[in-house]
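For reference, the structure is listed below as structure tokens.
Proteins get letters first, then strands, A, B, ... in listed order; numbering begins at 1 in each.
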Amino acid sequence: MNLQAEIPLDYMIVLSTIVFFVGLMGVLIRRNLITMLMGIELMLNAVNINFVAFNHYLFPNRLEGHFFALIVMAIAAAEAAIAIALIINIYRQFNTVSVDDVDELKY
Amino acid sequence: MNYSYTILILLLPVLIFLFIGLMGDKMKPQLSGLLGTSGLFVITLLSYFTAFNFFDHRVDESFQAIEVFQLLWLRFTDSLIIHIGILLDPLSVMMLVVITTVSLMVHIYSLGYMKGEKGFARYYAFLSLFTFSMLGLVLATNIFQMYIFWELVGVSSYLLIGFYYERPSAVAAAKKAFIVTRFADLGFLIGILILSFYTNTFDFIALTDLNGLAITQPTTAVFMGLSVTTWAMLLIFMGGAGKSAMFPLHIWLPDAMEGPTPVSALIHAATMVVAGVYLVARLFPLYSYTSPDSLEVIAYIGSFTSLFAAIIACTQLDIKRVLAFSTLSQIGYMMVALGVSGYGAEGLGYMASLFHLFTHAFFKALLFLGAGSVIHAVHSNLMTDMGGLKKYMPITHITFLIACLTIAGIPPLSGFFSKDEILVAAFEHNKIIFAVQWLVAGITAFYMFRLYFNIFWNHTPEYHHTPHESPATMTIPLIFLALASVFSGFVPFHDLVTSDGNPLHTEFHWMIAGPSILIAVIGISVAYMLYAKKNSKPESIATSLKGFYNMAYHKFYIDEVYLFITHKVIFYFISRPVAWFDRHIVDGTMNLIGNTTVYFSGAIKKMQSGQMQWYIWYFTSGVLLLVFLVMYLN
Amino acid sequence: MNWSTLSIMRLEVLLTFMVLYQLIADLSEKENKRSVIDFTIIFFTIITFIGFLPSENTTLFGSMYINDELRVFFKNILNVSTLIILLQSTGWLNKPENQSKTGAFYLLIFSTLIGMYFMISAGDFLMLYLGLELATLPLTILAAFDKNLRRSAEAGIKLLMSSAVSSAVLLFGLSLMYGVYGTLHFSEMALLTDASTLSIMALIFFMAGLGFKLSLVPFHLWTADVYEGSPMPVTSYFSVVSKGAALFTLALVLYRVFGSQPNVWTMAAYILSITTMVVGNLFALRQKNLKRFLAFSSITQAGFMMLGFVNSDALGMNTIVYFMLIYSLSNLAVFGVLSIVTNNTGKENMDDFNGFYSTNPRLSLIMLLALFSLAGIPPVAGFFGKFFLFTAAASKGFYILVFIAVLNATVSLYYYLLVIKAMFINKNETPIPNLPSTGYEKLALSMCFVGIVVIGFVSALYDYVMLVVG
Amino acid sequence: MTGPKIIFFILAAAIVVFSILSIFSRRILRAAIYLLFVLVAMAGLYYMMNFQFLAAVQLMLYAGGIVVLIIFSILLTSQIDSKLQAPKGSHLLAGGITAIAGIALSAITILQFTFKPSQENAVGTDMRTIGLQLMNTDVQGYALPFEVISVLLLAALVGSIFIAQKKKV
């Protein structure tokens with residue numbers, strides 16, 4: 001399949017930019033720690049679109065972007081595992097996963 | 001001549017400091033005091049020996065600067081190399097003598113004064129540290145080494161002023177002194193950075209060499225309308241102004257009187273506060289040749305400070321604060337003299353300034369130590385608690401009187417000569433400054449004798465214990481310093497310490513000396529009339545009104561006018577407002593800066609709200625803003 | 001893989017062995033953890049010494065891994081700092097409630113250290129990112145290590161969420177860089193760098209990601225909360241080792257990869273330096289909790305570090321490295337004293353230190369020196385670090401910036417004096433009693449003490465930094 | 001409209017719509033499912049760009065791993081049918097402004113830039129090439145990151161277990 005002729009690179013980049021900042025917005029507005037985590041996953045995936053698209057469209061001579069995306073996925077998995085462990089820890093201590101209530105350390 | 005033994009002058013005090021500091025708890029307090037004192041005695045002898053050798057060896061009629069040691073310390077960049085060493089020239093040797101002498105006197109005096117105080121050993125450790133830093137400051141071969149000792153002086157004076165740490169006011173004063181002088185030092189530091197960047201050297205000899213690059217080819221760079229050199233020299237002066245308590249950075253000095261009195265004598269009379277004068281004198285060729293404008297600024301600041309402080313001194317009741325303001329005023333004199341001076345054969349002001357530094361060190365230390373002796377006897381700092389002490393404390397009384405006469409400028413005491421040279425130099429350069437300094441001479445005589453009469457004459461209050469003369473450890477330094485005050489005026493200074501090392505030809509001007517003696521006598525007489533006896537004049541007027549008109553009435557009438565003018569007009573309309581201005585506006589501005597900082601600190605408290613979503617929001621918005629800014633600015 | 005590869009990557013390999021050892025030791029459920037502590041410290045001391053052995057300058061794995069004298073020097077600084085922290089942490093680990101945590105604690109510490117070494121040795125952005133994550137993710141667990149404390153749990157989640165976003169932003173920047181240059185290898189990119197708007201954006205995103213670890217304002221907000229919530233050794237690990245690794249990496253990338261385009265990042269450094277110093281100072285003024293106080297103090301110090309970045313010559317990097325070295329020792333000394341106090345009494349407020357000098361003169365003297373060093377008072381080492389930074393910035397003509405920096409240094413003196421005042425001057429009816437300290441803790445403090453006093457006067461060290469930075 | 005174009009637009013629309021839905025949905029389980037759709041659509045995108053391996057990993061790791069993990073934690077911490085609180089107005093405003101400003105700034109900057117494609121020949125993206133590169137220690141080899149990630153996963157594993165396990169004593 002030859003995508004270059006059909007779909008310009010810019011479409012891909014704009015798509016990833018939108019997903020990245022939608023994910024960021026998710027992190028900023030959702031009051032539940034788990035949904036914040038979902039926003040972070042969206043951001044990481046947006047970055048992956050960038051890597052893959054640049055690799056495919058511009059620099060197909062090497063697979064740098066592809067492998068970077070692969071590594072990002074692995075790290076995202078580790079991050080999610082740790083995040084969930086910490087969220088459960090918060091749930092035990094605070095009996096809630098609402099981010100608004102986790103603000104005892106301040107000023 | 002081999003001067004390598006001078007290294008001992010630096011090493012001994014630091015060794016004493018370490019020894020007493022580490023072992024002080026395990027020794028008898030008195031022993032640590034004796035140790036410190038005898039160590040300093042050795043250092044003093046070494047300094048005298050150095051001075052004797054140095055001033056005995058001229059090369060072609062002039063004195064050459066000698067770098068006794070010059071060790072490579074840091075190779076910062078290829079052109080900028082920092083050394084550490086010892087520099088001997090007339091200026092540093094003279095300071096060596098002054099510092100060790102006064103410090104020795106303070107050491108001896110403290111044996112009596114601080115007896116039985118908690119932390120006696122700690123006190124002597126700090127004294128040694130201070131002496132070490134001060135000696136290191138004056139012996140520095142380069143401006144960087146000087147800066148380090150400069151800060152060390154600040155640290156050790158912080159420790160000494162805050163010595164009575166049980167008193168909150170002492171702690172506040174120590175902190176204020178530290179922070180205000182540090183604030184000034186930031187100017188000094190930036191000045192050093194600029195200067196070293198354009199001249200590629202820190203070394204004093206290279207910087208002040210008349211044929212050196214720093215003077216012959218100053219940079220032509222301009223920053224905000226002023227040449228960069230002028231900026232650098234002014235910023236360096238800012239550091240000096242902080243340590244020497246020039247307006248408006250003087251606010252720490254009066255408060256610093258919370259420290260033990262001998263410390264005031266050491267730090268606030270003879271050594272640390274003249275560091276600024278020393279700094280300007282050290283870089284004098286650079287000021288004189290590359291930036292005469294900044295010398296002009298120095299002259300005006302000095303003159304203003306001396307007038308300002310003299311006026312405030314007239315209103316103070318705490319005798320140490322009177323002395324503090326008097327110190328400000330006298331250092332103002334020294335700054336004026338430097339400001340109006342030229343170089344070489346024109347260098348009368350330079351010589352006069354250092355001459356005054358020299359004599360002032362002795363008589364001001366004497367005044368402080370005398371005041372300490374009085375405070376020791378009556379357990380109060382306030383003049384109102386004193387009076388009639390001349391019959392209880394004869395030695396203190398006589399020595400204090402000598403000091404007062406000296407500072408007032410009565411011939412043939414030393415203060416007369418040095419002040420006279422300054423007035424001559426000012427007269428030749430700038431008539432307005434001369435007039436101000438002449439007036440200040442009168443005010444000085446007035447407030448010093450106001451102090452003197454209030455302490456030793458006037459009425460005798462009820463004392464809890466009958467005051468008695470201080471012990472010999474305290475009176476011997478007084479006597480020694482009194483002798484120094486009397487005779488130091490006869491040192492042939494114009495032959496020894498001049499701007500270029502060559503002897504300077506000076507003449508004695510009766511045209512200047514006459515009026516200055518006159519105004520001093522007037523000042524003393526006014527003080528005599530107002531304060532010599534318990535002031536009963538208003539009552540006498542009342543009784544005499546009932547009686548007959550006679551000559552006495554007339555005399556009283558004149559006195560009344562006199563009293564009205566001096567007491568009411570000058571006090572209420574000049575001195576009080578100036579003192580108020582100092583306390584509220586100048587001090588207040590400093591406090592305002594502090595309060596504003598604290599206010600802003602509270603205002604942005606909300607940023608750290610504890611809610612991580614806002615943290616993330618600040619993060620991401622910050623990134624976007626930064627991207628935008630850098631793109632826009634690029 | 002052969003022996004020479006192993007000898008070049010010796011630190012990473014040895015640390016991996018340490019991680020495995022901890023795993024095995026932890027699984028074997030030994031009751032007596034003390035021997036694990038002793039063994040770990042001895043082994044890590046050996047690793048630290050091995051780090052000082054000479055090694056060859058080379059690249060491995062298709063230039064993904066770079067080894068040279070400068071990077072080895074960085075790792076040695078981190079090694080020594082970590083060793084000091086390990087020594088300090090013994091008191092905390094010996095507490096009964098922490099005995100069971102020993103293995104996990106060491107395992108996580110050493111894995112982050114491996115991450116930092118890969119970050120420093122990275123030859124491309126892939127390894128750098130990987131190292132960064134390896135250095136961050138286990139730290140979030142360490143922040144939440146006091147499992148029964150609410151504040152510790154809060155610190156962990158705050159750190160994780162903020163760092164996840166920051167690394168996502170960093171990644172976004174990296175992906176754009178990849179698009180612009182077509183490569184992520186340092187050696188190739190260094191030849192291609194330009195100042196197009198897209199590369200500016202990518203670079204700033206990247207700087208923000210590392211700025212987060214360095215806690216530059218406005219990327220700093222996690223710092224105080226996490227420092228306060230984390231256990232003491234972790235806090236000092238954050239403020240010294242983690243920060244140091246981020247600083248060195250940033251310096252390597254900016255000076256070595258983007259060295260030909262200094263205009264972009266010196267400007268960013270200029271802005272960040274000012275905001276960081278000012279905001280850090282303003283917050284530090286008001287703090288009562290010493291851990292929070294040290295958090296803001298370390299933010300301010302990070303602002304001073306950024307001052308070095310406005311000078312894009314070797315001089316700038318020299319001074320940054322030198323400053324970091326001194327900052328590490330000074331900060332570790334403060335944390336060392338603080339951790340002895342918290343371990344024994346649980347107190348960490350400034351008021352608790354009132355009258356500390358009367359009962360613990362030695363500890364308070366070390367603290368005094370360290371705070372003077374942080375405030376930059378000569379003749380302790382901190383002064384030289386600051387002075388050189390000011391000189392580096394001034395030599396590029398940034399006088400206004402230097403003025404602001406020196407002003408901030410003066411303000412910082414004020415709050416450092418507050419602590420000194422509390423220890424030496426304020427009175428207290430019930431001061432902290434005279435505290436015992438273990439031999440390990442004494443050793444750690446003496447190392448810091450010697451460093452603070454001596455470093456300023458040993459010009460050989462500065463010469464060495466100059467030599468390796470080149 | 002050609003085939004690939006249509007597929008791309010469908011995928012892109014799915015990604016954008018479902019990601020917006022997932023951050024606005026009031027029911028948390030639904031949000032997780034929307035996220036799953038986004039991730040699957042992304043796998044399709046990778047597949048379109050000839051990165052079949054990556055697409056497979058995306059499906060297995062995200063759909064099979066992370067989303068399941070998220071759903072488990074949702075079940076652990078909240079009731080399934082409970083509705084989430086609506087976002088606060090201030091958060092919505094601040095987040096919205098930042099997101100829109102971010103999209104605008106990045107999109108404008110990126111679209112202005114002329115990318116410079118490589119002129120060299122493309123390499124294959126088949127399993128053999130990928131496998132060889134993953135195990136290679138030379139130029140274009142990814143053995144080192146592969147090894148390092150194992151340390152990361154070990155640390156994450158131990159750490160997560162440590163935090164999530166109930167107190168022993």
Point to revise | Non-hydrogen atoms of A:Phe51 and A:Gly65 that approach each other most closely | key: CB-O, 3.6 Å
Review point. By a 4.5 Å heavy-atom criterion (distance strictly below it), what part of D:Gln119 contacts chain A: side chain, backbone, both, or neither?
Key: neither
Check your understanding: Should D:Phe18 and D:Leu36 be marked as a side-chain contact (heavy atoms from CB on, under 4.5 Å) after you check the CA-CA gap, both sets of side-chain angles, and the distance that decides it?
Key -> CA-CA 9 Å; D:Phe18 283 124; D:Leu36 178 67; over 6 Å; no
Revision key, fill the gap. When the 4.5 angstrom heavy-atom criterion is applied to D:Phe162 and chain A, the contacting part is neither
**Study point:** Interface moiety of D:Leu39 toward chain A, non-hydrogen atoms closer than 4.5 Å
**Key:** side chain
Review point. CG/A:Asp101 to CZ/A:Phe94 distance, rounded to the nearest 0.5 angstrom?
Key: 8.5 Å
Practice item. Would you sort out whether D:Asp126 and D:Thr129 count as a side-chain contact (heavy atoms from CB on, under 4.5 Å), showing the intermediate values? Key: CA-CA 6 Å; D:Asp126 52 309; D:Thr129 322; 2.5 Å; yes
Review point. Based on non-hydrogen pairs under 4.5 Å, which of A:Phe20, A:Phe21, A:Tyr57 is most in contact with chain D?
Key: A:Phe21
Point to revise | Side chain, backbone, both or neither of D:Glu120 within contact of chain A (heavy atoms, under 4.5 Å) | key: both
Practice item. Could you tell me which portion of A:Asn45 (side chain, backbone, both or neither) has an atom closer than 4.5 angstrom to a non-hydrogen atom of chain D? Key: both
Point to revise | Residues, nucleotides or ligands: over 12 heavy atoms within 6.0 Å of D:Phe113 CZ | key: yes
Exercise for review: Would you mind checking which part of A:Ala83 comes under 4.5 Å of any heavy atom in chain D, side chain (CB onward), backbone (N, CA, C, O), both or neither?
Suggested key: neither
**Study point:** Proximity breakdown for A:Ile13 and chain D, heavy-atom pairs closer than 4.5 Å
**Key:** side chain
Point to revise | Top contributor to chain A contacts, counting heavy-atom pairs under 4.5 Å, from D:Ala107, D:Pro145, D:Ser90, D:Ala32 | key: D:Ala32
Review point. Between CZ of D:Phe51 and CG of A:Asn55, what distance do you get to the nearest 0.5 Å?
Key: 4.0 Å
Check your understanding: Distance from D:Ile20 atom CD1 to A:Met25 atom CE, nearest 0.5 Å?
Key -> 8.5 Å
Check your understanding: If you tally heavy-atom pairs under 4.5 Å against chain A, which of D:Leu157, D:Ile15, D:Ile70 wins?
Key -> D:Ile70
Review point. Given a strict heavy-atom distance threshold of 4.5 Å, which part of A:Val97 is in contact with chain D: side chain, backbone, both, or neither?
Key: side chain
Revision key, fill the gap. The interface call for A:Thr96 against chain D, heavy-atom contacts under 4.5 Å, is neither
Point to revise | Per-residue contact mode, A:Val14 against chain D (heavy atom under 4.5 angstrom) | key: side chain
Practice item. Heavy-atom distances under 4.5 Å only: say whether D:Lys116 touches chain A with side chain, backbone, both or neither. Key: backbone
Practice item. Could you look at A:Phe59 and say if it's the side chain, the backbone, both or neither that has a heavy atom under 4.5 Å from chain D? Key: both
Point to revise | Segment of A:Leu33 engaging chain D (4.5 angstrom heavy-atom cut-off) | key: neither
Check your understanding: When only pairs under 4.5 Å are counted, which of A:Leu24, A:Ile82, A:Leu9, A:Ile18 shares the most heavy-atom pairs with chain D?
Key -> A:Ile82
Practice item. For side-chain contact (heavy atoms from CB on, under 4.5 Å), just list the numbers for D:Ile130 and A:Leu63, CA-CA rounded to whole Å, side-chain angles, deciding distance to a tenth of an Å, and then say yes or no. Key: CA-CA 8 Å; D:Ile130 291 171; A:Leu63 293 180; 4.2 Å; yes
Exercise for review: Check whether A:Ile34 gets within reach of chain D through its side chain, its backbone, both or neither, counting any heavy atom under 4.5 Å.
Suggested key: side chain
**Study point:** Any A:Met12 side-chain heavy atom under 4.5 Å of A:Phe54 side chain
**Key:** no
**Study point:** N/O donor-acceptor pair under 3.5 Å between D:Gln140 side chain and D:Gln133 backbone
**Key:** no
**Study point:** Toward chain D, the part of A:Glu79 with a non-hydrogen atom under 4.5 Å
**Key:** neither
Practice item. Evaluate side-chain contact (heavy atoms from CB on, under 4.5 Å) for A:Val99 paired with A:Met36, printing each intermediate quantity in order. Key: CA-CA 9 Å; A:Val99 67; A:Met36 278 176 75; 3.9 Å; yes
**Study point:** Engaged part of A:Ile71 at the chain D interface, taking heavy atoms whose separation is under 4.5 Å
**Key:** both
Study note, to complete from the structure: Correct closest heavy-atom pair for D:Ala63 and D:Val68 would be O-CG2, 3.7 Å
Exercise for review: Measure the shortest side-chain to side-chain distance between D:Met48 and A:Ile7 over non-hydrogen atoms and say whether it is less than 4.5 angstrom.
Suggested key: yes
Practice item. Heavy-atom distances under 4.5 Å only: say whether D:Phe72 touches chain A with side chain, backbone, both or neither. Key: neither
Point to revise | Pick from D:Ile23, D:Leu93, D:Asn121, D:Leu76 with the largest number of heavy-atom pairs that fall under 4.5 Å of chain A | key: D:Ile23
Practice item. Quick one: pull up CD1 in A:Ile88 and OG in D:Ser160 and give me the separation to the nearest 0.5 Å. Key: 9.5 Å
Practice item. Please look at D:Ile149 and chain A and tell me whether the side chain, the backbone, both or neither of the residue comes under 4.5 angstrom of a heavy atom of that chain. Key: side chain
Exercise for review: Report yes if some heavy atom in the side chain of D:Tyr62 is under 4.5 Å from a heavy atom in the side chain of D:Met42; otherwise report no.
Suggested key: no
**Study point:** Pairwise distance CG(A:Asp10) to CZ(D:Phe115) - rounded to 0.5 angstrom
**Key:** 7.0 Å
Check your understanding: If you tally heavy-atom pairs under 4.5 Å against chain A, which of D:Leu45, D:Val38, D:Ile161, D:Leu153 wins?
Key -> D:Leu45
Review point. Which answer fits A:Asn95, side chain, backbone, both or neither, if we ask what part of it has an atom under 4.5 Å from a heavy atom of chain D?
Key: neither
Check your understanding: Of all of A:Asn89, A:Thr17, A:Ile84, which one pairs up most often with chain D through heavy atoms under 4.5 Å apart?
Key -> A:Ile84
Practice item. Mind ranking A:Val22, A:Leu42, A:Leu28, A:Asn61 by heavy-atom pairs under 4.5 Å with chain D and telling me who comes out on top? Key: A:Asn61
Exercise for review: Output the distance between atom CZ (A:Arg30) and atom NE2 (D:His91), rounded to the nearest 0.5 Å.
Suggested key: 12.5 Å
Review point. Around D:Arg30, counting heavy atoms of other residues, nucleotides and ligands shown, do more than 12 lie under 6.0 Å from its CZ?
Key: no
Check your understanding: What residue, out of D:Val57, D:Leu61, D:Leu35, D:Ile103, has the most heavy-atom pairs lying under 4.5 Å from chain A?
Key -> D:Ile103
Revision key, fill the gap. Answer key: most heavy-atom pairs under 4.5 Å with chain D among A:Ala85, A:Ala74, A:Ala69 is A:Ala85
**Study point:** Heavy-atom pairs under 4.5 Å with chain D, option from A:Val27, A:Val52, A:Val19, A:Thr35 with the top count
**Key:** A:Val52
**Study point:** Engaged part of A:Ile49 at the chain D interface, taking heavy atoms whose separation is under 4.5 Å
**Key:** both
